[in-house]
2 protein chains.
Amino acid sequence: MAPPASNTREKLLMAAMELFTTRGYEATSIADILERSGVNSGSLYYFFDSKQDLLLSGLDYFKTLLYPIVMQPNFEAESDPIERIFAVLAWYRRNLVLCNLDYECPMGKLALEVGRHLEAAREKIAINFAAWREHIRQCLDDAGNRLPRDLDRATLATFVMTVMEGALMQARTHRDLSFYDQSVQHLRSYFSQLQAQAAAQIRRLPRRKRTNTT
Amino acid sequence: MAPPASNTREKLLMAAMELFTTRGYEATSIADILERSGVNSGSLYYFFDSKQDLLLSGLDYFKTLLYPIVMQPNFEAESDPIERIFAVLAWYRRNLVLCNLDYECPMGKLALEVGRHLEAAREKIAINFAAWREHIRQCLDDAGNRLPRDLDRATLATFVMTVMEGALMQARTHRDLSFYDQSVQHLRSYFSQLQAQAAAQIRRLPRRKRTNTT
DNA sequence: GTCTATAACTCGATAGAC
DNA sequence: GTCTATCGAGTTATAGAC
């Protein structure tokens, strides 16, 4: 958790995670990381015990980037809590386009490759997942009575993540953006239906105030 | 496509795919495959040109197993077309339980690891994905007017696959079945809403006219 | 903290007898 | 078709000078 205050260390973390989350952990050699970071072998093993240690530190590093890189820009661009969620999903779509459809959720990619082989990595990936979902759940909480009263916000946040991960996987594999859009569109339909249910609940039990629908 | 009529070849394909889809392609060595199959190096390279060739042949092999292993048993156990889809999702849940929550969709796992590194592999994985979706789409077609008239069955099939892949990923990473169940439950809710919409369409136009609300 | 050189090992793939 | 022995390249990690 303590920031290293070393440029070399951060260069290594950045280079390693870029490679691990795109090429894969096993497919990335130490030599690849040294080349990309412009650092020598001796320095790497001065800061990190092993390739595994580099991965684990990188997963901690990624967690610190989640809010400022993924969430904050989209939350600032959109004030409506429900639209914030779809803004995040549009951000992933943009990455897909920018990477010529060769993009995956970095955590999702590592989750499948090393998620159960290395228990320490699994825990850290799970923490990243949980943080992502927590931000989405906060949006759902902020939506207040625009969603059904008895709807569990946490499980809906899980569902949003499910859709993001599954949709990216198919779009990348088919090299076809429409697979992503189709899934997000169905999620949007589901949200519309939930919002309609919530509106009906409010009409049915207006708390002495006037009912107002969206 | 022509069956090899060789026991050794099939033993190699089976062993290789079991390892590739669980440990991963890069993490599996030729030595691992030889050990598991009980075959020697010379025989492997008699039947296959390389590790890559073994993967590509394995992906073809997997395609032939999709219907008899994954779909048919569930379709036979359940006659209702919509319930057939949820029976398939329950089958994946069962795998998750049987593997102590260390289970992933074999194709999803390979899609993320080698899906874009090897173009030939990507194509074959996409073919497997398409076949899976096609079976689901057939169920949706069979549901007829129990789903809304203007609903695109193909995109809904994509959405079903999206949910399966994303839900498995989270359940495995968290080692917690409830992440799978939560996502499937939301998919079930979505289906219920769609079925309600379809029922309303039918009531509205039974054969003549009728008042409509909503 | 950083550098070069290299140890120790595993990898995919091959050779050639049978 | 199957076997054993092994090659050469590439792997992670270390040693020791600076």
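In what follows, chains are A, B, ... by sequence order, proteins preceding strands, each numbered from 1. This is a predicted model, so every value here is computed, not measured.
- Classification of the A:Phe159-A:Tyr190 ring pair by plane angle, with boundaries at 30° and 60°, yields perpendicular.
- Note: B:Phe191 and B:Phe86 meet the aromatic proximity criterion, with ring centroids under 6.0 Å apart.
- In summary, the side chains of B:Tyr67 and B:His135 do not present any donor paired with an acceptor at a separation below 3.5 Å, with no hydrogens or angles considered.
- Every residue was checked against the side-chain hydrogen bond (donor to acceptor under 3.5 Å, both in side chains) condition with B:Asp152, not counting sequence neighbours, and none meets it.
- Within the structure, every side-chain polar atom (N or O) of A:Tyr46 is placed at least 4.0 Å from both OP1 and OP2 of C:dT2.
- At least one cation-pi condition fails for B:Lys51 and B:Phe20: the charged atom is not both under 6.0 angstrom from the six-membered ring centre and inside a 45 degree cone around its axis.
- Between the CG atom of A:Leu34 and the C1' atom of C:dA5 there is a distance of 14 Å, rounded to whole Å.
- Remark: C1' of C:dC11 and CD of B:Glu35 are 16 Å apart, rounded to the nearest angstrom.
- In this entry the distance linking CG of B:Leu19 with P of C:dG12 reads 12 Å, nearest Å.
- A straight line from CD of B:Glu10 to P of D:dG1 spans 14 Å, rounded to a whole angstrom.
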Contact state string [nucleotides 6-18 of chain D, B base, S sugar-phosphate only, - no protein heavy atom under 4.0 Å]: -----SSBB----

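- Listed by chain and number, the residues in a side-chain hydrogen bond (donor to acceptor under 3.5 Å, both in side chains) with A:Asp141 are A:Arg137 (sequence neighbours excluded).
- A:Asp32 pairs by the side-chain hydrogen bond (donor to acceptor under 3.5 Å, both in side chains) definition with A:Arg23, A:Ser29, not counting sequence neighbours.
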Secondary-structure notation, DNA chain D, from Watson-Crick and G-U pairs under 3.5 angstrom (| other strand): ||||||||||||||||||

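- Rounded to a whole Å, the CZ atom of B:Phe48 is 15 Å from the P atom of C:dT14.
- Counting to the nearest Å, the P atom of C:dG12 and the CG atom of B:Asn40 are 16 Å from each other.
- Take B:Phe62 and apply the ring-ring contact (aromatic ring centres under 6.0 Å, His included) test, not counting sequence neighbours, and it matches no residue.
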